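This report refers to the structure that appears directly beneath it.
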Amino acid sequence: MFQHVEAYPGDPILSLNEAFGKDPRPDKINLSIGIYFDDAGKIPMLPSVRAAEHKVVAEAGARPYLPMEGAANFRTAVQQLLFGADNAAVKAGRVVTIQTVGSSGGLKVGGDFIKRYFPTSTMLISDPSWDNHRAVFEGSGLSVKTYPYYDAATGGLRFDAMLEALKQAEKKSVVLLHACCHNPTGVDLTKAQWQQLVPVLRERELLPFLDLAYQGYVDGIVEDAYAVRLLADAGLSFFVANSFSKSMSLYGERCGALSIVCPDAAQAVNVLGQMKATIRRNYSNPPLHGGQLVARVLSDPELRTMWEAEVVAMRDRIQAMRRKLHEVLSAKLPGRDFSYFLTQRGMFSYTGLSPEQCDRLKEEFGVYLVRSGRMCVAGLNTGNVEATANAMAAVLG
């Protein structure tokens, strides 16, 4: 019956993570998967989330199905987090938010919606982008193409080329943009560049689709929502998928959302209805528990303050690892410029290592990077950063 089904080659990141788990070397270092680890190399249980869980469990009663669009308190809390409590688009009823199974679920539901109502539109993603972006949108039946983004020579952004490509894009194309902490490169647009992008999006009638999976990991909770609020204030219609996996260390709870900013409240009502229909065809409704943890943390003033301080601590630790890696590599290879480790931001960096050099790191030193050269900086800690830098210097030298 299933002889025609081909073998699944595996996800490049998850498969590498599985290989790491089987590696018997005690000093192995995992810099592949996009998870925040603390300085002890553990996934943290945030005190704010633990306190929220105690409260949620203590008050728990029956556990009915949630509505297709998710819990109302979760959706309201997400809108306020992304857009601000007094945002004009939210007040006008132009923004609809659905609770999704992680931000990946938001991307998939959004992709299915786009395929149904913009069937001829092309999805444009950055070159490079998170591997699953292409897979999710092609899985929805969309044609996926790339626009210029990463400059391998400088470790920075090809903004002029990106802007020119979008100026030439077909009207009604959908443009996937990383709101901050670009995955996999760590290279972000500046505020000035976002401002330059807005008129191009408007004039070419492009539909932005923002991915915001790491809010708080660059400059702050509010600061990292800059692109979301800029596009809303500019009167554009757009999608934004966001996640609490990293910022609340809730990976396995799959807490995400998809928000759609519409031209007016009447269109927003129809969009929400069709989003619910899309969810019904996918997984019917989202899970209950994780979303309530998020809603409690965001809406309880004491827990919210605690959580924001925890995000600051995570962000500061990542930045400290960037500085240490830069320091050791610069000392080991004084003729090379490693400043890109300081200018790239968030959890990830493009190291400039070739696939063959990444293979050497894994085989000779037990340091696991994705073969594209992407490194999860959050996998570094005070106990392994020097060993990582020494190993990188060895394969680069």
Side-chain angles (χ1 to χ4, degrees), residues 13 16-17 20 23 25-46 130 150 155-156 178 180-188 213-221 223-224 245-249 251 308-334 336-353 357-358 361-362 365-397:
I13 298 173
L16 190 63
N17 195 54
F20 174 84
D23 190 329
R25 287 174 286 187
D27 56 349
K28 60 188 178 180
I29 300 168
N30 190 0
L31 306 177
S32 61
I33 194 165
I35 292 178
Y36 176 86
F37 297 95
D38 62 20
D39 199 54
K42 305 294 184 183
I43 299 174
M45 177 64 179
L46 301 188
W130 180 45
Y150 178 69
H178 302 236
C180 71
C181 299
H182 185 273
N183 180 3
T185 68
V187 178
D188 287 344
Y214 310 96
Q215 189 174 358
Y217 272 28
V218 175
D219 294 315
I221 300 296
E223 293 85 350
D224 292 356
S245 293
K246 279 75 178 180
S247 64
M248 290 195 187
S249 198
Y251 303 92
E308 291 191 4
E310 291 159 358
V311 174
V312 169
M314 290 191 285
R315 180 174 73 241
D316 287 349
R317 201 191 76 74
I318 292 173
Q319 291 173 347
M321 290 302 100
R322 287 185 174 279
R323 291 192 295 269
K324 185 64 177 179
L325 186 66
H326 173 264
E327 174 191 325
V328 177
L329 278 171
S330 297
K332 286 281 183 181
L333 299 172
R336 286 178 174 261
D337 179 12
F338 294 102
S339 60
Y340 54 88
F341 284 121
L342 303 179
T343 56
Q344 294 172 3
R345 311 194 297 173
M347 283 183 64
F348 303 107
S349 272
Y350 246 30
T351 60
L353 294 169
Q357 289 169 326
C358 291
L361 276 181
K362 180 181 69 172
F365 302 96
V367 178
Y368 282 69
L369 268 69
V370 183
R371 294 187 85 240
S372 63
R374 187 198 81 166
M375 174 179 63
C376 180
V377 184
L380 295 172
N381 56 58
T382 52
N384 67 23
V385 63
E386 290 199 34
T388 298
N390 290 334
M392 290 177 64
V395 302
L396 285 168

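Everything numeric in this text was worked out from a predicted model, so none of it was measured. All residue numbers refer to positions in the sequence shown, counting from 1.
Across all non-hydrogen atoms, the minimal contact from Met314 to Lys246 is CE-O, 4.1 Å. When all heavy atoms are compared, the tightest approach of Leu329 to Ala393 is CD2-N, 3.9 Å. Across Leu353 and Cys358, no two heavy atoms sit closer than the pair CB-SG, 3.9 Å. Annotation for Ile43 and Ser249: closest pair CG2-OG, 3.4 Å, computed over non-hydrogen atoms. In this structure, Asp224 and Gly216 approach most closely via the heavy-atom pair OD2-N, 2.7 Å. Heavy-atom minimum distance, Gly155 versus Gln344: O-NE2, 3.2 Å.
Here CD1 of Ile318 is found 9.0 Å from CZ of Phe348. Values are rounded to the nearest 0.5 Å. To the nearest 0.5 Å, the span separating CZ on Phe20 from CG on Asn30 amounts to 4.5 Å. The CD atom of Glu386 sits 7.5 Å away from the CD atom of Glu327 when rounded to the nearest 0.5 Å. Considering NE2 of His326 and OH of Tyr340, their distance stands at 9.5 Å, rounded to 0.5 Å. The line from CG of Asn384 to CG of Asp27 is 10.0 Å long, rounded to the nearest 0.5 Å. The NZ atom of Lys324 sits 10.0 Å away from the OG1 atom of Thr382 when rounded to the nearest 0.5 Å.
Within the 4.5 Å cutoff, side-chain heavy atoms of Tyr350 are placed close to those of Pro184. When side chains are defined from C-beta on, Thr351 does not count as touching Gln357, because their heavy atoms never get closer than 4.5 Å. Counting heavy atoms from C-beta outward, Val218 and Arg315 have side chains that stay 4.5 Å or more apart. Taking 4.5 Å as the limit, every side-chain heavy atom of Phe365 sits out of range of all side-chain heavy atoms of Lys28. Put simply, the side chain of Val385 does not reach to within 4.5 Å of the side chain of Thr388, judged on heavy atoms. Using a 4.5 Å heavy-atom threshold, the side chains of Cys376 and Ile35 count as separate. At a threshold of 4.5 Å between non-hydrogen side-chain atoms, the residues Leu369 and Met392 do not count as touching. Between Leu396 and Phe338 there is a side-chain heavy-atom pair separated by less than 4.5 Å.
With sequence neighbours excluded, the residues that form a side-chain hydrogen bond (donor to acceptor under 3.5 Å, both in side chains) with Arg371 are Asp359. The side-chain hydrogen bond (donor to acceptor under 3.5 Å, both in side chains) search around Tyr368 returns Asp23, not counting sequence neighbours. Residues passing the salt bridge (Lys or Arg N to Asp or Glu O under 4.0 Å) test with Asp219 are Arg345, sequence neighbours excluded.
Of the possible donor and acceptor atoms, one in the side chain of Tyr251 sits under 3.5 Å from a partner among the backbone N and O of Tyr36. Judged by distance alone, the side chain of Arg322 and the main-chain N or O of Gly346 form a donor-acceptor pair under 3.5 Å. At least one donor-acceptor pair closer than 3.5 Å links the side chain of Asp188 to the backbone N or O of His182. Checked by atom type and distance alone, the side chain of Arg374 pairs as donor or acceptor with a backbone atom of Ser32 at under 3.5 Å. For the pair Asn17 (side chain) and Ile13 (backbone), a donor-acceptor distance under 3.5 Å is absent.
The aromatic rings of Tyr214 and Tyr217 sit tilted, their planes meeting at an angle between 30° and 60°.
Remark: Asp39 engages Arg317 in a salt bridge, criterion side-chain N to carboxylate O under 4.0 Å.
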